[in-house]
S.K.: 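Sharing a structure here in structure tokens format.
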Amino acid sequence: MAHEEDVRAIAKRAVKIALFCVGLVVLFSIVNIYVLLVQVDSTAGISHRVIEVEKKIENMEKLKDK
């Protein structure tokens, strides 16, 4: 009887450790997805600014040529 109780206690502890690890992996995955989304948003913002600067440069060149 004592042996079975020890085995069950060890099994319960193993399940708790496994669930903790799964939770930790899910948390890290959420943080990773958040960081990737922020990087994509930043890249899109930079691209938009580059396009605006290129248009301003073209307008300045047109004015200079006249």
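Residue indices begin at 1 and follow the sequence shown. Note: hydrogens, waters and symmetry copies are ignored here, and every other heavy atom, side chains too, is used.
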S.K.: Sequence neighbours left out, cut at 3.5 Å: what donor-acceptor pairs do the side chains of residues 29-47 make with other protein atoms?
M.R.:
from, atom 1, to, atom 2, distance (Å)
Ser29, OG, Val25, O, 2.9
Ser42, OG, Val38, O, 3.0
Thr43, OG1, Gln39, O, 2.8
Ser47, OG, Thr43, O, 3.1

S.K.: Atom CD1 in Ile51, atom CZ in Arg49: separation rounded to 0.5 Å?
M.R.: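 Rounded to the nearest 0.5 Å, the CD1-CZ separation comes to 13.0 Å.
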
S.K.: If the condition is side-chain hydrogen bond (donor to acceptor under 3.5 Å, both in side chains), which residues does His48 pass it with, not counting sequence neighbours?
M.R.: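 So His48 forms a side-chain hydrogen bond (donor to acceptor under 3.5 Å, both in side chains) with Glu52.
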
S.K.: Please give the remaining members of the hydrophobic cluster of Leu24, linking ILVMFWY side chains under 4.5 Å, ordered by chain and number.
M.R.: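 Grouped by the 4.5 Å side-chain rule, Phe20, Phe28 form the rest of the cluster around Leu24.
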
S.K.: With sequence neighbours excluded, what pairs up with Ile17 under the side-chain contact (heavy atoms from CB on, under 4.5 Å) test?
M.R.: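 Ile17: side-chain contact (heavy atoms from CB on, under 4.5 Å) contacts with Arg13, Cys21.
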
S.K.: Members other than Ile57 in its cluster, when Ile, Leu, Val, Met, Phe, Trp, Tyr link by side-chain heavy atoms under 4.5 Å?
M.R.: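 In the cluster with Ile57 are Val53.
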
